[in-house]
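Position 1 is the first residue of the sequence; numbering continues from there. As the structure lists them, so they are numbered: ligands from 1, and atoms in each ligand from 1. FYI, side chains are in, hydrogens and waters are out, and symmetry mates aren't considered; it's all heavy atoms of this structure.
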Amino acid sequence: SVGKKPASRAPSYLSFDDIGGQDHPKRELMEALEFMVKREEIQKLGIRPLKGILLTGPPGTGKTLLAKAAAHHTNSAFVSASGSEFVEMYVGVGAGRIRDLFKEARSKAVKQKRNSAIVFIDEIDGIGGKRDGGQQREYDQTLNQLLTEMDGIQGDESIRILLIGATNRKELLDPALLRPGRFDRHIQVDMPDKTGREHILRLHGRNKPLDPEVSLAKVAEETFGFSGAQLESVMNEAAIYAMRDTSDHVDQTHLTQAIDKVMMGERMDRETTK
Ligand code: ATP
């Protein structure tokens, strides 16, 4: 870090502008976040505070990015966990972890001098999902703790908490989580369309030397059904192919090779999980 600045440094935060496509979920999320931003007006009108937003959709579509951007947009502290971390053999451990997560959110907000915090739980079906026999008791306690935390969220606290959950299997969620006053807003995050794919490709091409002849519109056309995460891989693999060619630019051939590689990888994944 002496003297020379890196050519392009990733910012420590993530904004809605760093998310490609997903215009509809972005708009819906920003609208919901108004509830956090305009807290005084909300309170005056006697509207109950927004406690939870549920993001649903296939993996790799940007749900985590949306949650992070929501934190930046509302100037909130951000803490995150994955639902799978709460499934424990010992009774009470999962519940304790939930309690700690919310505590951490509040103390982080205080430390960072912010008046709100966003708690993000990915794969929330791991907590609020239906599971079989053995782990039932522990899972109930964990879920109950989560419900308790949600019910404890007040509009007039000095630190406002918002829970954002993500799942790709909404049908597995316990109905208790979906009741009014819990996850009040549901936002569907789907695979990107062609325009969205081009936008995502452009974002991930920002730090790469693309040949001026490259057509990302063409790449977008050829990547029907790809998620944002897969498109990020395409751009990265293309740069690796460029390096192998000892080329200092990423050209269309590298991109075509990268599409094939990512597509092939997917197919192999599917076959090994069958
Ligand atoms: P999962 O359900 O697997 O947790 P997710 O929906 O939370 O997936 P993210 O973790 O947000 O997906 O995305 C994974 C990576 O894919 C991101 O770090 C980013 O590089 C890329 N990505 C996904 N969607 C987008 C997008 N809309 N715009 C830009 N990059 C994206």
Side-chain angles (χ1 to χ4, degrees), residues 8-30 52-73 78-87 101 118-129 162-173 183 185-208 210 216-217 219-220 223-240 250 255 258-259 261-263 265-266 269-270 273:
S8 73
R9 181 200 276 162
S12 56
Y13 63 84
L14 198 122
S15 87
F16 282 116
D17 292 337
D18 298 311
I19 303 173
Q22 306 299 8
D23 297 343
H24 190 64
K26 269 198 246 181
R27 202 171 326 113
E28 272 188 88
L29 184 54
M30 281 196 246
I53 299 176
L54 186 67
L55 306 175
T56 0
T61 45
K63 296 185 290 297
T64 305
L65 301 181
L66 285 165
K68 285 187 180 164
H72 175 64
H73 185 75
F78 181 78
V79 296
S80 69
S82 167
S84 56
E85 292 166 36
F86 299 96
V87 185
L101 185 66
I118 288 182
V119 176
F120 175 62
I121 304 181
D122 201 0
E123 299 175 40
I124 196 152
D125 45 281
I127 301 171
L162 175 71
L163 176 63
I164 300 185
T167 178
N168 39 48
R169 290 172 302 176
K170 184 165 141 186
E171 70 285 354
L172 288 185
L173 284 185
F183 280 113
R185 294 285 173 114
H186 297 185
I187 299 175
Q188 180 68 29
V189 188
D190 284 316
M191 289 293 196
D193 59 10
K194 187 175 162 290
T195 318
R197 290 197 298 276
E198 189 179 338
H199 188 187
I200 295 169
L201 289 163
R202 210 174 336 112
L203 288 173
H204 289 287
R206 280 188 300 198
N207 62 349
K208 294 176 182 65
L210 298 184
L216 291 181
V219 178
T223 46
F224 177 82
F226 277 44
S227 68
Q230 289 171 307
L231 294 168
E232 189 273 338
S233 276
V234 166
M235 293 309 282
N236 194 58
E237 292 294 338
I240 293 171
V250 176
L255 285 159
I259 296 170
K261 165 132 203 234
V262 173
M263 221 182 265
E266 272 312 294
D269 279 352
R270 263 206 307 276
T273 51

Item to check | Heavy-atom closest contact (Ala238 atom, Ala258 atom, distance) | outcome: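 Nearest heavy atoms, Ala238 then Ala258: N-CB, 3.5 Å.
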Next on the checklist: Give the residues near ligand 1 by chain and number, with the criterion being a heavy-atom distance under 4.0 Å.
Outcome noted: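 Contacting ligand 1 under 4.0 Å are Asp18, Ile19, Gly20, Gln22, Pro59, Gly60, Thr61, Gly62, Lys63, Thr64, Leu65, Asp122, Ile200, His204, Gly228, Ala229, Glu232.
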Close side-chain approach of [X] and [Y], heavy atoms under 4.5 Å:
| X | Y | value |
| --- | --- | --- |
| Phe78 | Val119 | no |
| Glu171 | Leu173 | no |
| Ile121 | Ile164 | no |

Checklist entry - So, Lys26 side chain and Ile19 main chain: donor-acceptor pair closer than 3.5 Å or not? => result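 Confirmed, Lys26 side chain pairs with Ile19 backbone.
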Checklist entry - Side chains of Thr167 and Asp125: do they bring a donor and an acceptor to under 3.5 Å? => result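 There is such a pair (donor and acceptor under 3.5 Å, judged by atom type) between the side chains of Thr167 and Asp125.
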